[in-house]
Amino acid sequence: MLNRSLLNIEKENTFSKSTRLVKEYKLAHPDADVISLGIGDVSMPIIEPVRNAMKKAVDDLGSMDTFKGYGLYFGLEELRQTILDNEYKGLGLSIDEIYIGDGTKSDSTNILELFDKDSKVLIGNPIYPIYENGAYAYQRELHFGEVDEEFKLKIPKEKYDIIYLCSPANPIGNALTREELKEWIDYANKNKSVIIFDNVYKSFVESDNVPLTAYEVEGAKKCIIEMRSFSKDLSFSSSRCSYYVIPNEIDEDINYYWKERTTNRFNGTSYVSQKGAIAAFSDESKKLIKENIKKYKDNIKYLREELNKLGYSTIGGYDSPYLWVKTKNNMTSWEAFDYFLTKLNIVVVPGEVFGSNGKYNFRISGLGSIENSKRAIERIKKYEENI
């Protein structure tokens with residue numbers, strides 16, 4: 001009776017394995033000062049205006065005059081309208097095309113329910129493993145495409161029905177330019193494909209030629225479902241709130257059927273989290289969020305520049321909080337993980353966690369504190385100078 005497609009999910013090269021090894025090391029070395037440069041979580045708290053809105057929302061639930069129960073299937077209308085006015089103004093979208101979810105991890109896999117079970121899914125290698133495991137969980141036919149020298153997915157010659165693109169990318173840390181995204185849009189429209197565009201790191205974009213939303217590019221509304229999250233911007237990694245757009249232009253009935261599905265499958269995102277998300281769009285909140293994002297960006301810039309000085313080859317770290325680092329001395333990613341952990345008490349994420357093409361790479365994150373990053377760099381310098 002088991003969903004045998006789940007047996008395809010990787011057992012060895014996983015986040016859970018690296019987490020287990022770090023935990024075991026700390027238990028065996030209780031006095032070790034372990035610094036994590038692999039952190040995917042945030043290191044700054046929820047900003048005050050958002051906290052205040054969430055506290056008021058809790059009070060709303062304390063009175064039946066303001067209580068909110070079932071019926072938030074697609075999200076609060078106020079939040080959806082606020083997102084439309086702030087993120088998609090002038091792009092020809094409507095509130096009925098916007099949905100509130102509880103995180104892009106679940107949104108990007110649940111969306112497969114919208115498509116036929118025989119749909120062919122294309123992903124890159126390396127890539128955020130949730131797409132791969134989600135396709136297996138939903139028993140979809142999964143294919144891995146070729147990537148270029150910067151690990152960007154190449155446009156295939158064959159037809160695929162669903163393509164996952166993450167830009168700015170996790171784990172690589174680079175981003176698709178408008179021209180590159182236009183090529184994907186042209187491919188998708190020619191083949192009647194749909195692109196799941198994971199754009200959760202939009203706030204980190206600084207390059208002029210990288211779009212803030214896919215819908216800036218002509219033809220995108222005919223083929224792209226865009227997904228975003230409040231996890232990094234608002235430190236909502238535990239509060240859970242996200243949003244995504246399903247344009248009517250993909251199919252005239254697409255939103256009717258997705259709303260029917262959602263009403264039956266999802267009771268909505270936390271009212272408290274949604275009220276906090278609304279507060280994120282105030283002028284004060286935008287200023288504070290921008291300051292926090294700058295700290296993360298300054299951190300990843302520092303790590304990129306210092307690692308380059310130490311002879312490490314890197315990709316990314318300009319439009320994303322992540323840096324993709326090539327190992328030295330032909331180490332595999334797991335050997336590098338062990339080297340950093342046991343020799344330097346530093347945690348990095350093995351590239352093989354994200355796919356076999358990451359065998360000689362590891363991921364570094366700028367989501368930690370710059371103080372820890374400076375300490376880590378000093379350790380690397382001192383150790384490698386004496387090798």
Side-chain angles (χ1 to χ4, degrees), residues 39-60 75-91 93 95 98 100-101 103-104 167-168 170 173 175 199-213 215-216 226-245 269-304 317-322 365-374:
I39 185 171
D41 205 344
V42 292
S43 57
M44 284 181 275
I46 297 173
I47 58 176
E48 185 175 5
V50 173
R51 293 200 312 272
N52 289 339
M54 295 172 78
K55 290 173 185 176
K56 184 180 182 305
V58 172
D59 290 338
D60 290 347
L76 288 169
E77 185 171 329
E78 181 185 2
L79 176 55
R80 293 157 67 209
Q81 186 64 51
T82 300
I83 289 168
L84 181 64
D85 293 342
N86 283 270
E87 301 295 324
Y88 298 109
K89 189 174 182 179
L91 295 175
L93 293 164
I95 190 174
I98 296 174
I100 308 303
T104 303
S167 177
N170 178 12
N199 189 18
V200 301
Y201 300 106
K202 165 257 181 186
S203 296
F204 291 85
V205 171
E206 62 181 47
S207 301
D208 292 337
N209 64 341
V210 173
L212 296 179
T213 170
Y215 304 122
E216 293 178 11
E226 180 167 287
M227 300 194 163
R228 293 187 182 174
S229 168
F230 292 104
S231 290
K232 304 303 186 288
D233 290 15
L234 297 190
S235 297
F236 264 26
S237 50
S238 65
S239 299
R240 313 310 303 152
C241 191
S242 58
Y243 60 98
Y244 55 98
V245 180
T269 303
S270 159
Y271 171 75
V272 175
S273 294
Q274 290 193 68
K275 293 298 281 189
I278 292 168
F281 292 96
S282 71
D283 290 341
E284 181 185 5
S285 291
K286 287 179 181 178
K287 176 178 176 292
L288 293 171
I289 292 166
K290 189 174 182 179
E291 290 173 359
N292 282 352
I293 294 295
K294 184 179 185 304
K295 291 177 183 177
Y296 292 139
K297 290 178 69 173
D298 287 347
N299 192 17
I300 199 65
K301 178 183 178 183
Y302 169 80
L303 287 165
R304 182 183 70 242
Y318 293 93
D319 300 297
S320 163
Y322 299 122
S365 168
L367 293 170
S369 70
I370 196 162
E371 291 78 17
N372 278 341
S373 295
K374 289 179 177 179

### Message
Taking the basic N atoms (NZ, or NE/NH1/NH2) and the acidic carboxylate oxygens, is any pair closer than 4.0 Å for Asp59 and Lys55?
### Response
no
Worksheet item: Should Lys287 and Glu291 count as an ion pair when the cut-off is N to O under 4.0 Å?
Response: yes
Spacing of [X] atom [atom1] and [Y] atom [atom2] [to the nearest 0.5 Å]:
X      : Y      : atom1 : atom2 : answer
Leu91  : Glu216 : CG    : CD    : 7.0 Å
Lys374 : Leu303 : NZ    : CG    : 10.5 Å
Ser242 : Phe236 : OG    : CZ    : 11.5 Å
Asn170 : Lys232 : CG    : NZ    : 7.5 Å
Asn372 : Asn299 : CG    : CG    : 9.0 Å
Ile293 : Leu288 : CD1   : CG    : 12.0 Å

Side chain to side chain, [X] and [Y], heavy atoms closer than 4.5 Å:
X      : Y      : result
Asn199 : Pro168 : yes
Ser365 : Ile39  : yes
Lys202 : Asp233 : no
Leu367 : Tyr322 : yes
Ser239 : Ile46  : yes

Considering only distance and modelled atom types, tabulate donor-acceptor pairs under 3.5 Å from the side chains of residues 75-82, sequence neighbours left out.
{"from": "Glu78", "atom 1": "OE1", "to": "Lys275", "atom 2": "NZ", "distance (Å)": "3.4"}
{"from": "Arg80", "atom 1": "NE", "to": "Ile98", "atom 2": "O", "distance (Å)": "3.0"}
{"from": "Arg80", "atom 1": "NH2", "to": "Ile95", "atom 2": "O", "distance (Å)": "3.0"}
{"from": "Gln81", "atom 1": "NE2", "to": "Asp85", "atom 2": "OD1", "distance (Å)": "2.9"}
{"from": "Thr82", "atom 1": "OG1", "to": "Glu78", "atom 2": "O", "distance (Å)": "2.7"}

Heavy-atom closest pair (Thr269 atom, Gln274 atom, distance to 0.1 Å) is O-NE2, 3.0 Å
Tightest non-hydrogen contact, residues Ile300 and Pro321, listed as CD1-O, 3.3 Å
Under the 3.5 angstrom rule, does the side chain of [X] hit a backbone N or O of [Y] as a donor-acceptor pair?
X      : Y      : result
Ser229 : Gly103 : no
Ser373 : Ser369 : yes
Ser270 : Ser273 : yes

side-chain hydrogen bond (donor to acceptor under 3.5 Å, both in side chains) pairs touching residues 40-52, sequence neighbours excluded, are Asp41-Ser237
Test side-chain hydrogen bond (donor to acceptor under 3.5 Å, both in side chains), reference Glu226, set Tyr244, Tyr243, Tyr215, Tyr88, output is Tyr88
| task | Mind running side chain to side chain contact (heavy atoms under 4.5 Å, CB included) on Ile100 and Cys241 for me, showing each step along the way? | result | CA-CA 7 Å; Ile100 308 303; Cys241 191; 3.9 Å; yes
Without placing hydrogens or testing angles, list every side-chain donor-acceptor pair under 3.5 Å for residues 276-286, not counting sequence neighbours.
{"from": "Ser282", "atom 1": "OG", "to": "Ala279", "atom 2": "O", "distance (Å)": "3.2"}
{"from": "Ser282", "atom 1": "OG", "to": "Ser285", "atom 2": "N", "distance (Å)": "3.1"}
{"from": "Ser282", "atom 1": "OG", "to": "Ser285", "atom 2": "OG", "distance (Å)": "3.0"}
{"from": "Ser285", "atom 1": "OG", "to": "Ala279", "atom 2": "O", "distance (Å)": "2.8"}
{"from": "Lys286", "atom 1": "NZ", "to": "Asn86", "atom 2": "OD1", "distance (Å)": "2.8"}

Salt bridge (Lys or Arg N to Asp or Glu O under 4.0 Å) test vs Glu206 passes for just one of Lys290, Lys297, Lys301, Lys294, namely Lys297
